[in-house]
Amino acid sequence: MSKTPTIAAIDIGTGVVKAIIVQKQPEETGFKVLGRAESISAGVRKGVVADPERVSKIIQSTLEEAKKEAGQEADEVYANINGMHIFCLSSKGLISVSRADQEIAQEDVDRVIEAAKTFSLPPNKEILEIFPREFIIDREKGIKNPIGLHGVRLETEIVVVGGFVSYSRNISQAILNSNLQVNDLILGPIATARAVLTNQEKELGVVVIDFGAGTTAISVYEEGDLLHASVLPVGANNIRNDIAIGLKVDIETAEFIKNKFGESILGEKSTKKEKLKLSTGEEISFQKSELRKIAEPRIGEIFEEVEKELKKISRNRLLPAGIVLTGGGAKTPHLVDFARKKLGLPCRLGVPRRFFPLEEDTSYSTLCGLVLSGMDLEEEEGGKLNFKGFFSGIKKLFRVFVP
Ligand SMILES: Nc1ncnc2c1ncn2[C@@H]1O[C@H](COP(=O)(O)OP(=O)(O)OP(=O)(O)O)[C@@H](O)[C@H]1O
Ligand SMILES: [Mg+2]
């Protein structure tokens, strides 16, 4: 019997760089995490690789550590591309079906998508990925797979996700410098959604909010496909920074206070005093209500920004499957309730199900989603999914080879 391949993923986060090596378990039971490692990130600013040299060293050592724990190499490696430069727009294309018998072939689909991609972008912006939403044959709307159907006029509507050329180059450079053979770069918000959403939620209409350290990434799905994606340049680091200023403590202490006394931020109001002895021996005290006064408005502001994004696509308060909240920042106690009230939608926590033993950890959603998205790509390449793979939404960004 041939060995089950091992898949590695690296999530280049603003706060934490994470790596896992997993193996698929028999009969669709899930994935066993053979090795995992985390490093404090450096050289990443709001999800963007700002210092490729520093980042390459961190991703190399983090993956090495995960490999050591796994006791084996990885057959496939996937990494994410993220950052506030990522933008999203929709576009339409129209062609005449080429065959005389008017049967639509793959070639027609390729042509209509090419037609939809002919819009002008400034030279410093590029398309990273396209997601077809629907095809229209002779004005008949809502067709997901037109191949084999008949018609004269074929139209499509696509969602385009793009980014700033220099930032995409930085991440490729970081990966090339690290001497790792990475199969593909996958869009972070799409990978996260892949790990946490059910097909039913995608069908009904849902927003994934990945509340990270430096960014809050959102992706909206409806009728099974991507409708919108955006990466906001705010995250849990902003709360930490506000605490540092408000309580006049250093950044490490602010981070500690934020996580240790998280209950006071959105939980029951209390005037109780907390005391904390710092590593320097100094003792500080603050009122729980003071912490709340500092942090709650900032969290409110972040969710107002999310609502603005939903307004852009007229889906504010209009997504039946609501919000799926994930990322390390989603560990803030009572955030699910806060989001539900603030955005007026149902809300649940998103965790990477079927990844043992990470299935309860919201900070691993992107990482596990990279594994799943990578597997989709492999299946697509192996031809097993063929056209369906095309619609899985994730296509090759580019292949990175060790020179
Ligand atoms: N128990 C906790 N309570 C509240 N916040 C937490 C907790 N544990 C971790 N966090 C926060 O989660 C954030 C890290 O989350 P995550 O690993 O998802 O971010 P990242 O992927 O590094 O960043 P980004 O996605 O923005 O690039 C940190 O800001 C950290 O403070
Ligand atoms: Mg992240």
Side-chain angles (χ1 to χ4, degrees), residues 9-20 36-50 55 58-59 62 79-86 167 170-171 174 186-196 208-219 229-244 251-267 291-292 294-296 298-299 302 305-306 324-336 338-339 349-352 358 360-370:
I10 312 164
D11 173 5
I12 308 164
T14 312
V16 190
V17 173
K18 315 160 194 83
I20 44 169
R36 122 169 99 138
E38 278 187 10
S39 312
I40 293 174
S41 186
V44 182
R45 205 173 298 138
K46 299 193 185 298
V48 170
V49 172
V55 172
I58 297 172
I59 57 181
T62 313
N80 63 340
I81 178 161
N82 202 23
M84 58 178 190
H85 62 116
I86 285 172
Y167 290 160
N170 275 3
I171 185 160
I186 294 166
L187 287 162
I190 309 303
T192 312
R194 178 68 179 85
V196 300
V208 180
I209 305 178
D210 178 356
F211 192 17
T215 64
T216 299
I218 71 162
S219 53
S230 173
V231 181
L232 305 170
V234 279
N237 277 354
N238 295 77
I239 308 169
R240 176 200 67 187
N241 298 352
D242 291 348
I243 294 172
I251 284 290
E252 285 76 28
T253 310
E255 175 74 13
F256 181 79
I257 292 173
K258 175 173 81 66
N259 298 345
K260 166 118 176 126
F261 304 103
E263 187 61 42
S264 321
I265 298 175
L266 300 174
L291 187 58
R292 187 191 186 97
I294 297 167
E296 193 193 355
R298 174 65 81 172
I299 300 177
I302 294 173
E305 290 302 313
V306 172
V324 177
L325 188 61
T326 193
K331 292 179 189 171
T332 308
H334 310 288
L335 193 62
V336 165
F338 182 87
L349 273 188
V351 288
L358 302 175
E360 297 298 327
D361 197 332
T362 55
S363 42
Y364 279 87
S365 298
T366 308
L367 196 58
C368 296
L370 288 172

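Just follow the structure's listing: the first ligand is 1, and inside any ligand the first atom is 1. Each residue takes its place number in the sequence, starting with 1.
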Kindly confirm or rule out an N or O of Gly328 lying under 3.5 angstrom from an N or O of ligand 1. yes
Considering non-hydrogen atoms of the protein only, which is the closest contact for atom 25 (O) of ligand 1, and what is the distance? Thr215 OG1, 3.5 Å
Taking 4.0 angstrom as the limit and counting only heavy atoms of Val16, give me the atoms of ligand 1 inside it, by number and element. 22 (O)
Arg240 contact mode with ligand 1 (heavy-atom cut-off under 4.0 Å): neither
Any side-chain heavy atom of Ile265 within less than 4.5 Å of one from Pro333? no
Looking only at protein heavy atoms, what sits closest to atom 1 (N) of ligand 1 is Lys331 CB, 3.7 Å
For Gly329 and ligand 1, answer yes if some heavy atom of the residue is under 4.0 Å from a ligand atom, otherwise no. yes
Number the atoms of ligand 1 from 1 as they appear, then name those within less than 4.0 Å of a heavy atom of Asn237, with their elements. 29 (O)
Would you check the N or O atoms of Gly47, main chain and side chain alike, for any that come under 3.5 Å of an N or O of ligand 1? no
Closest to atom 21 (O) of ligand 1 among protein heavy atoms sits Lys18 NZ, 3.1 Å
the protein heavy atom lying closest to atom 29 (O) of ligand 1 turns out to be Ala236 CB, 3.2 Å
Test Val55 against Ile12 for side-chain contact (heavy atoms from CB on, under 4.5 Å), laying out the working first. CA-CA 8 Å; Val55 172; Ile12 308 164; 3.9 Å; yes
So, does Arg45 use its side chain to make a donor-acceptor pair with the main chain of Gly83 at under 3.5 Å? no
As an exercise, identify every atom of ligand 1 less than 4.0 angstrom from a heavy atom of Glu255. 30 (C), 31 (O)
Between Thr216 (side chain) and Val234 (backbone), is there a donor-acceptor pair under 3.5 Å? yes
So for Lys258, does at least one of its heavy atoms come nearer than 4.0 angstrom to any atom of ligand 1? yes
Is a side-chain donor or acceptor of Ser41 paired with a backbone partner of Val16 at a separation under 3.5 angstrom? no
Side-chain donor or acceptor of Lys18 paired with backbone N/O of Glu38 under 3.5 Å: no
Within 45° of the axis and under 6.0 Å from the centre of the six-membered ring of Tyr364, does NZ or CZ of Arg36 qualify? yes
Side-chain heavy-atom pair Phe338, Ile299 within 4.5 angstrom cut-off: yes
Exactly one of Val324, Val196, Asp11 should register a side-chain contact (heavy atoms from CB on, under 4.5 Å) with Ser365. Which one does? Val196
If the cut-off is 4.0 Å to any non-hydrogen atom of Gly13, which atoms of ligand 1 fall inside it? 20 (P), 21 (O), 22 (O), 27 (O)
In ligand 1, which numbered atoms sit nearer than 4.0 Å to a non-hydrogen atom of Gly327? 18 (O)
Starting from atom 28 (C) of ligand 1, which protein heavy atom do you reach first, and at what distance in Å? Ala213 CB, 3.9 Å
For Asp210 and Thr366, does a side-chain donor sit closer than 3.5 Å to a side-chain acceptor? yes
Any idea which atoms of ligand 1 are less than 4.0 Å away from a heavy-atom of Gly15? 20 (P), 22 (O), 23 (O)
Please write down residue, atom name and distance for the protein heavy atom closest to atom 3 (N) of ligand 1. Asn259 OD1, 3.5 Å
Contact between ligand 1 and Lys46 is defined here as a heavy atom of the residue under 4.0 Å from a ligand atom; is it met? no
Would you say Gly214 contacts ligand 1, with heavy atoms under 4.0 Å as the rule? yes
For atom 27 (O) of ligand 1, grab the closest protein heavy atom and report residue, atom and distance to one decimal in Å. Thr14 OG1, 2.6 Å
Strictly distance-based, threshold 3.5 Å: is any side-chain N or O of Asn80 a donor or acceptor partner for the main-chain N or O of Ile186? no
Identify each donor-acceptor pair in which a side-chain atom of residues 251-258 lies under 3.5 Å from a protein atom, sequence neighbours left out, and give them as a table.
residue	atom	partner	partner atom	Å
Thr253	OG1	Asp250	OD1	2.9
Thr253	OG1	Asp250	OD2	3.2
Glu255	OE2	Asn259	ND2	3.2

